[in-house]
**Student:** 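Please find one structure pasted underneath; my questions will follow.
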Protein chains: 2
Amino acid sequence: MFKQFGIGAPSEFFTQPPSVGVSIARSGQLDELVALEQLGSRRSFARDAEIYAEGDRADCWFKIVSGTVRICKLMADGRRHIAEFFHAGDCFGLDGEGERTFAAEAVGDVIVMRFNRAATERLIDERPVLARCMCNMMLRNLAHAQTRLLLLGRMTAPERVASFLLELAERRDVRRVLEVPMSRNDIADYLGLTIETVCRVLSAMKRDGTIAIPNPHRIEICDRDALEATVEM
Amino acid sequence: MFKQFGIGAPSEFFTQPPSVGVSIARSGQLDELVALEQLGSRRSFARDAEIYAEGDRADCWFKIVSGTVRICKLMADGRRHIAEFFHAGDCFGLDGEGERTFAAEAVGDVIVMRFNRAATERLIDERPVLARCMCNMMLRNLAHAQTRLLLLGRMTAPERVASFLLELAERRDVRRVLEVPMSRNDIADYLGLTIETVCRVLSAMKRDGTIAIPNPHRIEICDRDALEATVEM
DNA sequence: CGCAAGCCTTGATCCAGGTCAACGGAATGC
DNA sequence: GCATTCCGTTGACCTGGATCAAGGCTTGCG
């Protein structure tokens, strides 16, 4: 019955970065979540396609079925900034009521469920438990944003890269072999660095045996302790 | 009837940075908000006092009656990071369920209302409109955090300082004369710079007539266009 | 297969902002 | 009133990461 929507059992509908723990939707909410799933429509996007643009009306939100999405912004002079990556199972696009302040783009090929904002709000008003789910989800997003503020505000390049690798590992719940769907450029714009610096730091980590890089989109953590020691706060 | 709680009419109970606009609590919610006010107790803190520490249980949250609060973290090697400043009328401390990941400290003398988390949640379950208020408040916090990510990730020192001054002006809803309650050190740790860089940028702006600095805690915006042109995105 | 277009990587050089150091001026205490 | 402490400001110098430049490695396509 739920299979039709691909991954994610309904009890994990609002699942987000496992990093912050605590599955939100708890027993007793199945009805609501099923109703919510039925409001969505499936969409797919090719690599680098725009899911929504800066300035679009924020009248819908998405849940990722498969693939990775970047939430980003291009400054007038060409500098680019990536606010967040979202992976399979994550929800994104739940912004304020007005216009999008960031764009959402497909990192590789992506399949999402698209939900109408108004319909969702109606459902939430009927079933208040859902409001709690949303609050919790946003709390986790906020906690993550604050971790990133620390990273961008006070960490060195090696700390940022180490932190990024550990985050990837945690999100995918993998201890050793990381699949890295995004380009070096994406990583740089996410970490507030340049592509060259990202490469150099990765090469240095490879040189001293902390990681292995069988190919650019696959990184293996060989010495997790060393990585963790790098970020040590 | 509401005067006893100092500033903030009940219809603005959850008021937050005006930057993102839209007052959340709308008519028809007065009862709930009054009930909420009565759950709180008044506390005051002297300059630099810790309102809560990193690692404390997050069993309460606060609304600022007067003064300014910084949400911050000290790294093992002494680097400090300020995630956010909150001003009179703002709510803070609404984190996840577990431990505080940041500390909250009084920038100057501060008076707050303290609210019990469990009691608030009970109230929210009874009066679901409040859940929407909270969601909206967190959405605005999140939007603000993302603006800050861009600032820390991709902006130069002059851009950061200009952006900070404009934010101060907007929050206080003042166009020219800014009261700056925090120290240069606080500003530096908020903008991901050093105190010397903050001073130098401010001095440069003063030199070319963009701002005036009658004393360190008062800055006047003389040429708003120049400031806005600096941050231009 | 050969060629072109994208990435990724590495090296050489540069510079924005960090670090170190000195000093001034207001607030606090004796 | 004087000493002390705490900020804020300014100057001199240094460095981490940016910028510029040159290949290398895939992938796809004629």
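Sequence lines set the chain letters: A, B, ... in the order given, protein chains first and strands last, and positions in each chain run from 1.
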**Student:** Starting at CE of A/Met182 and ending at P of C/dC8, how long is that distance when rounded to a whole Å?
**Tutor:** 12 Å
**Student:** Using only side-chain N and O atoms of A/Arg184, determine if any of them is under 4.0 Å from OP1 or OP2 of C/dG6.
**Tutor:** no
**Student:** Counting distance alone, no hydrogens or angles: does the base of D/dT19 have a donor or acceptor under 3.5 Å from a partner atom on the side chain of A/Arg200?
**Tutor:** yes
**Student:** Between the side chains of A/Thr210 and A/Asp208, is a donor N or O closer than 3.5 angstrom to an acceptor N or O?
**Tutor:** yes
**Student:** Please determine, for the side chain of A/Cys199, which listed nucleotide (D/dG8, D/dG17, C/dT9) has the closest atom?
**Tutor:** C/dT9
**Student:** Round to the nearest Å and state the distance from B/Arg218 atom CZ to C/dA26 atom C1'.
**Tutor:** 16 Å
**Student:** Give the rounded distance in Å between these two atoms: CD of A/Glu196 and C1' of C/dC15.
**Tutor:** 15 Å
**Student:** Just how far, in rounded Å, is C1' of D/dT19 from CD1 of A/Ile195?
**Tutor:** 13 Å
**Student:** Is any side-chain N or O of A/Arg207 closer than 4.0 Å to OP1 or OP2 of C/dT10?
**Tutor:** no
**Student:** Take the protein atom CD1 of B/Ile213 and the nucleotide atom P of C/dA26, then report the distance between them rounded to whole Å.
**Tutor:** 15 Å
**Student:** Hey, which of these two, A/Arg154 or A/Lys206, hits DNA chain C nearer its 5' end, going by closest nucleotide?
**Tutor:** A/Lys206
**Student:** Should the pair B/Arg79-B/Asp189 be classified as a salt bridge under the 4.0 Å nitrogen-to-oxygen rule?
**Tutor:** no
**Student:** How close or far is atom P of C/dA27 from atom NE2 of B/His217, stated in whole angstroms?
**Tutor:** 10 Å
**Student:** What is the nucleic acid contact for A/Thr194, judged by heavy atoms within less than 4.0 Å: base, sugar-phosphate only, or nothing?
**Tutor:** base
**Student:** Going by ring-ring contact (aromatic ring centres under 6.0 Å, His included), A/Trp61 matches just one of A/Phe115, A/Phe86, A/Tyr52. Which one?
**Tutor:** A/Phe115
**Student:** Can B/Asp48 and B/Arg70 be counted as an ion pair, charged N to O under 4.0 angstrom?
**Tutor:** yes
**Student:** When we call it a touch if two heavy atoms are under 4.0 Å apart, what does B/Leu193 touch: a base, just sugar-phosphate, or nothing?
**Tutor:** sugar-phosphate
**Student:** Rounded to whole angstroms, how far apart are CG on A/Asn185 and P on C/dA5?
**Tutor:** 19 Å
**Student:** The side chain of B/Ser203 is closest to which nucleotide in this list: D/dG8, D/dT10, C/dG18?
**Tutor:** D/dT10
**Student:** Please state how far atom CZ in A/Arg79 lies from atom P in D/dT19, giving the value in whole angstrom units.
**Tutor:** 10 Å
**Student:** With a 4.5 Å limit on heavy-atom distance, are the side chains of A/Leu202 and A/Ile219 in contact?
**Tutor:** yes
**Student:** Out of C/dG17, D/dC7, D/dA18, which nucleotide sits closest to the side chain of A/Thr197?
**Tutor:** D/dA18
